[in-house]
Amino acid sequence: MTKIIQKAEQISPLQKARSEYEPKLPASLKQGINNLKIMEGETTSAAGDAEEIKNMFSNLFGAKIVTFEPGTEAAAEKTINVGVILSGGQAPGGHNVIAGLYDAIKETNTENRLLGFLGGPAGIIDGQYREIEGDYIDQFRNTGGFDIIGSGRTKLESEEQFEKTLQTCKNLEVSAIVIIGGDDSNTNAAMLAEFFRKKGENIQVIGVPKTIDGDLKNEQIEISFGFDTATKVYSELIGNIQRDANSAKKYWHFIKLMGRSASHIALECALKTQPNITLVSEEVKAKNMSLARIIDYMADIIARRAENGKNFGIVLIPEGLVEFIPEMKELISNLNDQLAECENKEEYSSMHGWDTKIAYIKGLLKSENSNLFNLLPKSIQIQLLLDRDPHGNVQVSKIETEKLLTEMLEVKLSEMKKNNEYKGKFSTQTHFFGYEGRCAAPSNFDADYCYSLGYNAFALVRFGLSGYISSVRNLTKPAQDWIAGGIPLTSMMNMEKRHGKQKPVIKKALVEIDGAPFEKFSKNRETWAMEDCYVYPGPIQYFGPSQVADVTTETLKLERA
Ligand code: FBP
């Protein structure tokens with residue numbers, strides 16, 4: 001008996017109406033999963049370090065890009081059990097990926113089963129799952145969140161974990177696994193696919209590109225799902241704050257935006273809302289901008305606006321900024337090395353209180369890093385010492401860069417005041433938008449895109465592929481013109497240093513400062529800084545004319561123009 005998790009009184013009128021929304025599929029998939037033919041495209045290599053990737057993935061390397069086209073009706077096949085995993089941070093549309101997958105699986109054969117592994121990759125290692133059935137999936141169609149089966153950040157990478165995964169698959173007769181995740185999780189998907197191939201096990205692994213951060217993209221993967229909805233939610237909130245600032249005219253609002261290393265979210269929101277200042281981490285790196293130079297840049301705008309009688313404004317800050325400021329980057333890398341060593345030291349793990357830990361770590365740092373560490377507020381020192389995530393990344397969502405910048409600006413502006421270079425009033429509010437958008441109900445774009453990705457993932461399974469990521473392209477066109485297919489995961493990989501070791505990983509796509517989205521921002525930023533050109537995008541529209549309800553991101557439009 002399926003457990004119904006939402007009672008009628010918990011379902012909002014919007015959720016009810018949205019549950020009736022029928023996601024659009026590309027024309028190639030619309031004729032049904034049983035009417036497809038597969039077209040082989042070019043042979044692939046790797047995004048970098050091809051020789052090493054080839055050695056590590058000798059069974060998967062060099063596969064061909066594939067696309068699907070309508071074909072003749074296929075004969076019914078033997079039944080299949082498919083497992084699905086949601087991995088990493090939540091992103092709007094995950095439920096629709098599972099809905100698309102479920103519908104394709106059942107269309108092929110009603111006896112086929114879909115098993116959802118619970119709480120992320122840990123679910124398949126420990127054999128924890130629930131079967132996804134019709135009335136259960138129906139509650140989640142077009143909703144946000146990952147609560148259908150939960151998510152987790154366990155890194156599926158060791159031989160022991162792979163063996164346990166294999167055992168789970170054998171116990172449950174699962175012969176295909178769909179991993180819905182970001183760059184790290186899709187790297188793991190490739191490793192698992194290679195492991196099964198090497199062992200001669202007939203278990204397929206297919207990835208799906210998820211992350212609000214927007215950094216899992218390339219020529220074939222135009223956008224990761226969730227980016228569209230999340231940036232629309234943040235832009236609504238930024239627009240509301242801009243209106244507030246423009247009404248009261250008394251605060252500078254500093255808004256940090258999620259996105260980990262990449263500034264795609266900050267840039268997309270800037271293009272949508274036109275705030276006074278937007279920092280872009282990739283530009284900071286390219287121009288080798290020190291913390292002092294960033295502060296000077298912002299202080300100059302604040303002072304010039306004050307001269308025009310404007311003691312208010314909006315600043316957008318990408319979450320990963322600190323990792324791109326050269327001296328902070330060095331400090332973080334030195335801290336990573338020292339903390340990795342401390343992990344095994346009883347002496348460090350048994351220490352109580354942050355003061356003791358901070359003093360101990362300071363003593364281990366190189367002198368230039370230690371000097372900078374000393375200058376940081378204690379709150380930031382603590383945030384820099386917090387545990388790394390399972391992939392070895394600093395948890396940038398926990399570093400309050402927005403507060404670091406306002407504190408430093410207060411000092412800078414009061415110095416400028418003494419020198420008669422600034423006559424304004426600097427009153428601030430800080431915000432961090434991340435969790436506010438990650439589980440929003442998917443926009444029409446994400447609802448359609450995710451459903452198509454899930455449906456398409458099963459088409460890849462159906463044609464016997466493994467080590468592929470589900471790809472739906474041509475996304476600035478109406479859904480019927482989208483191109484569905486698969487990309488070999490190894491073609492997106494290169495070698496990078498993680499936890500002090502060279503590892504194969506899917507290359508992260510950061511903002512290109514010679515790309516069209518950054519260029520548009522850069523051309524306009526001086527005007528946006530001084531004049532108030534705020535745009536108030538308002539909430540996501542789920543119903544109404546296509547040019548309002550179905551539009552996708554500025555980034556995608558500019559990149560594909
Ligand atoms: P993924 O890369 O797993 O999609 O996660 C995205 C993200 O929302 C980042 O933007 C953010 O830095 C991080 O997750 C926060 O992690 P957590 O959910 O563990 O707090």
Side-chain angles (χ1 to χ4, degrees), residues 85-95 97 119-122 144-147 149-157 179-189 207-217 221 223-235 237 255-269 280-282 316-324 332 383-384 386-402 431-440 442 446 449-450 453 469 492 496 498 505-511 555:
I85 300 170
L86 286 163
S87 179
Q90 285 69 253
H95 289 162
V97 176
F146 277 5
D147 41 325
I149 47 173
S151 186
R153 290 198 183 276
T154 302
K155 193 163 163 58
L156 193 55
E157 64 173 351
I179 299 182
I180 304 169
D183 51 341
D184 286 323
S185 311
N186 275 288
T187 297
N188 300 344
V208 176
K210 167 236 74 164
T211 180
I212 60 160
D213 300 349
D215 57 2
L216 173 47
K217 65 173 168 182
I221 305 297
I223 192 173
S224 54
F225 79 75
F227 179 75
D228 180 78
T229 310
T231 51
K232 281 175 176 153
V233 174
Y234 303 144
S235 297
L237 299 176
I255 307 170
K256 184 176 80 166
L257 291 157
M258 255 191 187
R260 227 190 262 286
S261 305
S263 307
H264 297 294
I265 291 184
L267 182 57
E268 170 67 19
C269 292
V280 174
S281 307
E282 292 82 345
L316 301 188
I317 306 155
E319 184 181 53
L321 180 72
V322 288
E323 288 187 298
F324 287 79
I332 291 171
Q383 289 153 18
L384 286 170
L386 294 174
D387 289 342
R388 275 37 186 166
D389 76 6
H391 302 278
N393 306 313
V394 176
Q395 298 194 54
V396 278
S397 61
K398 294 193 176 158
I399 300 178
E400 293 172 309
T401 323
E402 67 284 18
H431 315 263
F432 169 35
F433 296 155
Y435 302 99
E436 291 79 352
R438 289 201 319 188
C439 282
D446 269 328
Y449 181 45
C450 290
L453 284 171
I469 190 164
M492 296 159 37
E496 283 173 29
R498 296 286 167 90
V505 289
I506 289 178
K507 200 168 175 199
K508 262 192 202 307
L510 301 182
V511 168
T555 306

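Numbering of ligands and ligand atoms starts at 1, following listing order.
- In terms of modelled atom types and a separation under 3.5 Å, the side chain of Asp213 and the main chain of Met258 share no donor-acceptor contact.
- The nearest heavy-atom contact from the protein to atom 7 (C) of ligand 1 is Arg438 NH1, 3.6 Å.
- If you check which protein heavy atom lies closest to atom 5 (O) of ligand 1, you get Arg153 NH2, 3.2 Å.
- Contact analysis puts Gly259 in contact with ligand 1, with a non-hydrogen atom separation below 4.0 angstrom.
- Close approach to Met258 involves these atoms of ligand 1, each under 4.0 Å from a residue heavy atom: 8 (O), 10 (O), 11 (C), 15 (C).
- Set against the non-hydrogen atoms of Thr211, the atoms of ligand 1 under 4.0 Å away are 1 (P), 2 (O), 4 (O).
- In this structure a side-chain-to-backbone donor-acceptor pair under 3.5 Å is missing from Glu323 to Ile332.
- Remark: among candidates Glu319, Gln395, Lys210, the nearest residue to atom 12 (O) of ligand 1 is Glu319, based on non-hydrogen atoms.
- The side-chain heavy atoms of Lys217 and Ile223, taken from C-beta on, include no pair separated by under 4.5 Å.
- Summary of contacts: the protein heavy atom closest to atom 10 (O) of ligand 1 is Asp213 OD1, 2.6 Å.
- Ser151 places a side-chain N or O within 3.5 Å of a backbone atom of Gly88 that can act as its donor or acceptor partner.
- Each of the atoms 3 (O) of ligand 1 lies under 4.0 Å from some heavy atom of Gly88.
- Near Gly89, meaning under 4.0 Å from any of its heavy atoms, are these atoms of ligand 1: 1 (P), 3 (O), 4 (O), 5 (O).
- Residues Gly93 and Phe225 come closest through the heavy atom pair C-CE1, 3.8 Å.
- Only the side chain of Tyr435 comes within 4.0 Å of ligand 1, judged by heavy-atom distances.
- At least one donor-acceptor pair closer than 3.5 Å links the side chain of Glu319 to the backbone N or O of Gly259.
- The side-chain heavy atoms of Asp183 and Thr211, taken from C-beta on, include no pair separated by under 4.5 Å.
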